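Structure first, then comments.
Just so you know, these numbers come straight off a predicted model, no measurement behind them. Excluded from the calculations below are hydrogen atoms, water molecules and symmetry mates; all remaining heavy atoms, backbone and side chain alike, are included.
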Amino acid sequence: MTPTILLSFLLGYFALLVGVAYFTSRNSSDNASFFIANRNSKWYLVAFGMIGTALSGVTFISVPGAVGKSEFGYFQFVLGNAVGFIIIATVLLPLYYRMNLISIYTYLEKRLGPHSYKTGAVIFLLSRTIGSSLRLFLVAIVLQRFIFDAWNVPFWLTIVLCLVLIWLYTHKGGLKTIIITDTLQTVFLLLSVVLSIIFISRSLNLDVAGTFEAVKNSSYSKMFFWEDFMGTKSHFLKQFLGGIFVTIAMTGLDQDLMQKNLSMKTIGEAQKNMFTFTGVFVVMNIFFLSVGALLYIFAAKNGIDVATLKTPDNLYPEIALNHLNIIPGIIFMLGLTAATFATTDSALTALTTSFCMDFLHFDKKEDQNTPELVRQRHMVHIGFSILMVIVILIFKMINDDSVVNSMFIAATYTYGPLLGLFTFGMFTNRAVSDKLVPYICIASPLLSFYIKSNSLLWFGYEIGFELIILNALITFILLWITGKTALTQTKF
């Protein structure tokens with residue numbers, strides 16, 4: 001497939017998103033619509049659109065690619081994700097709605113103190129900026145290789161182009177626009193996965209029943225791993241528990257996805273959103289794993305040496321763009337673009353919201369929609385876009401593919417203290433030594449890293465995604481030791 005065709009498709013796709021943004025923001029582009037969509041979002045649109053946000057380009061490329069090594073073991077983590085989503089819907093969302101929050105980190109200020117509040121907000125800003133930058137980096141590599149290298153466009157300009165296009169359709173309407181564009185992008189994402197399965201199956205001369213049997217009988221379909229609990233990361237309990245707590249932290253304690261839930265009128269609608277989203281999320285990951293199995297079957301049949309690829313992440317784009325015809329290639333690029341930019345546009349809006357509320361204190365202003373505050377919000381939005389460019393370029397200089405593949409492990413370090421803070425606030429009546437909280441949240445990941453690095457030697461135990469539990473537990477213990485019994489306790 002020629003780079004010209006792919007570039008034309010990419011520009012046409014963004015023209016569609018800009019058109020949607022124009023119609024959603026033409027009657028209202030104030031701060032209330034940007035931050036919480038005037039609390040008038042439809043739960044079914046949010047539920048559907050969140051699929052595109054949660055299933056990033058990393059999921060789109062890496063989950064199928066990882067099947068060659070880990071088979072369907074990732075599904076154990078997905079089951080943990082599902083339980084985590086249910087806990088969010090039944091425990092965290094009622095708290096956020098009861099306190100009428102815009103930034104969820106305001107809870108930490110009211111329960112633990114101002115230093116705890118700022119620490120939680122900084123953890124989110126750091127974690128989401130790094131995570132979203134890495135997701136965009138992975139996809140930008142594909143765009144660079146298959147489109148922009150043909151015209152010798154430098155990588156930094158590819159990144160800038162992507163973020164400028166995202167900024168164009170989000171800077172006015174914010175969350176109000178994103179709820180609609182993410183719904184549209186989720187349609188494209190789901191369509192691309194289903195059509196990818198159909199096209200690959202046809203190239204293998206398989207019908208629906210034959211495709212199911214081929215995946216089921218392949219060497220990649222093992223889903224549950226119960227062997228060697230101590231010495232491997234892939235054991236079911238490690239993956240399942242890690243999935244639960246990573247989800248609670250990365251979704252329930254993350255301004256990005258919670259901001260969409262808080263845009264609905266009632267807690268009931270927000271919970272219906274989460275329950276619906278959970279079901280679709282699980283099914284979609286089964287499709288992604290099935291795509292992975294089919295890709296490896298296709299590679300074996302057509303003599304594609306996977307070992308020659310720099311990383312398994314390249315398998316899906318290699319087959320879709322170089323070994324199938326033009327339609328599957330466009331479908332792949334459609335899904336990849338939808339998955340990536342649904343994640344990035346949402347992250348930029350959430351980062352802007354958190355900074356405006358948690359550091360510029362828009363929520364304490366008498367009128368949040370003054371021209372001055374709208375200008376400030378625009379500047380913050382631009383600032384985070386520039387910051388993402390810088391982070392991506394730094395990551396490219398120190399590029400280590402294992403960093404991208406270990407994104408969830410990285411999240412166990414950055415989100416662990418946040419999980420510890422919220423857990424301490426919700427399940428104890430102790431006061432914290434508020435000024436010590438920032439230091440505790442730095443010490444906890446460092447101690448977790450030290451323990452993880454030596455756990456196999458000390459205990460014969462290999463730590464996986466459950467590292468986030470250890471990190472949160474260390475934070476909790478340090479908060480308890482340095483804290484004191486509260487004389488009075490406000491019910492949150």
Is there a side chain to side chain contact (heavy atoms under 4.5 Å, CB included) between Leu125 and Leu351 once you walk through the steps? CA-CA 6 Å; Leu125 293 176; Leu351 289 166; 3.7 Å; yes

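- The list of salt bridge (Lys or Arg N to Asp or Glu O under 4.0 Å) pairs with a residue in residues 184-193, not counting sequence neighbours, is empty.
- Using the six-membered ring where Trp is involved, His361 and Tyr117 have ring planes that are tilted, between 30° and 60° apart.
- Heavy-atom contacts from other residues, nucleotides or ligands closer than 6.0 Å to CZ of Phe275 number more than 12.
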When you look at Thr4 and Trp151, which way does the side chain to side chain contact (heavy atoms under 4.5 Å, CB included) test go after all the steps? CA-CA 10 Å; Thr4 303; Trp151 294 289; 3.5 Å; yes

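- In this structure, the separation between CG on Leu206 and CD1 on Ile198 is 13.0 Å, given to the nearest 0.5 Å.
- Considering every non-hydrogen atom in both Ile468 and Gly416, the closest pair reads CG1-CA, 3.9 Å.
- Considering every non-hydrogen atom in both Asn285 and Phe281, the closest pair reads ND2-O, 3.0 Å.
- Remark: the backbone N or O of Thr247 is not paired with any side-chain donor or acceptor of Asn81 at under 3.5 angstrom.
- Panel note: side chain Asn471, backbone Thr412; a donor-acceptor pair is recorded below 3.5 Å.
- Put simply, the side chain of Thr106 does not reach to within 4.5 Å of the side chain of Met357, judged on heavy atoms.
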Can you give the donor-acceptor pairs under 3.5 Å from side chains of residues 292-304 to other protein atoms, not counting sequence neighbours?
{"from": "Tyr296", "atom 1": "OH", "to": "Gly65", "atom 2": "O", "distance (Å)": "2.5"}
{"from": "Asn302", "atom 1": "ND2", "to": "Phe298", "atom 2": "O", "distance (Å)": "2.8"}

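- Between atom CZ of residue Phe72 and atom CD1 of residue Ile286 there is a gap of 9.0 Å, rounded to the nearest 0.5 Å.
- Residue pairs satisfying the salt bridge (Lys or Arg N to Asp or Glu O under 4.0 Å) criterion with at least one member in residues 147-165, sequence neighbours excluded, are absent.
- Expressed to the nearest 0.5 Å, how far SG of Cys441 lies from CD1 of Ile123 amounts to 4.5 Å.
- The line from CG of Leu348 to CD1 of Ile382 is 11.5 Å long, rounded to the nearest 0.5 Å.
- Counting all heavy atoms, side chain and backbone alike, Lys233 lies closest to Ile463 at CE-O, 3.6 Å.
- At least one side-chain heavy atom of Leu393 sits under 4.5 Å from a side-chain heavy atom of Phe155.
- Here the straight-line distance linking atom CG of Leu195 with atom CD1 of Ile327 works out to 10.0 Å at 0.5 Å rounding.
- Shortest non-hydrogen contact noted between Met258 and Thr251 is CG-O, 3.3 Å.
- For Lys452, the salt bridge (charged side-chain N to carboxylate O under 4.0 Å, His left out) test picks out no residue, with sequence neighbours left out.
- One side chain, Glu318 or Asn322, offers a donor N or O that lies under 3.5 Å from an acceptor on the other.
- Between Ile248 and Leu419 the shortest side-chain heavy-atom distance falls below 4.5 Å.
- Here the shortest heavy-atom pairing between Pro64 and Tyr316 reads CG-CD1, 4.2 Å.
- With contacts defined as side-chain heavy-atom distances shorter than 4.5 Å, the pair Ile166/Ser385 does not qualify.
- A donor-acceptor contact shorter than 3.5 Å is absent between the side chain of Gln239 and the backbone of Val78.
- Applying the salt bridge (charged side-chain N to carboxylate O under 4.0 Å, His left out) criterion to Glu466, with sequence neighbours excluded, gives no partner residue.
- At a threshold of 4.5 Å between non-hydrogen side-chain atoms, the residues Gln376 and Cys356 do not count as touching.
- Between Leu93 atom CG and Met274 atom CE the span is 6.5 Å, to the nearest 0.5 Å.
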Could you go through Phe75 and Phe288, starting from their C-alpha distance and side-chain angles, then the distance that decides it, and tell me whether this counts as side chain to side chain contact (heavy atoms under 4.5 Å, CB included)? CA-CA 10 Å; Phe75 190 70; Phe288 275 111; over 6 Å; no

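- Using a 4.5 Å heavy-atom cutoff, the side chains of Thr414 and Ile130 are not in contact.
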Residues Tyr105, Lys118; criterion side chain to side chain contact (heavy atoms under 4.5 Å, CB included); working and verdict: CA-CA 8 Å; Tyr105 308 112; Lys118 298 296 184 184; over 6 Å; no

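- You'll find the side chain of Phe332 stays beyond 4.5 Å of the side chain of Leu324, heavy atoms only.
- When side chains are defined from C-beta on, Ile104 does not count as touching Phe124, because their heavy atoms never get closer than 4.5 Å.
- Residues passing the side chain to side chain donor-acceptor pair (under 3.5 Å) test with Ser116 are Asp434, sequence neighbours excluded.
- Looking only at distances, no side-chain donor or acceptor of Tyr415 sits under 3.5 Å from a matching main-chain atom of Leu253.
- When every heavy atom of Ile200 is checked against every heavy atom of Ser203, the shortest pair comes out as O-OG, 2.5 Å.
- Between Tyr413 and Phe449, the two ring planes are tilted [angle within 30° to 60°].
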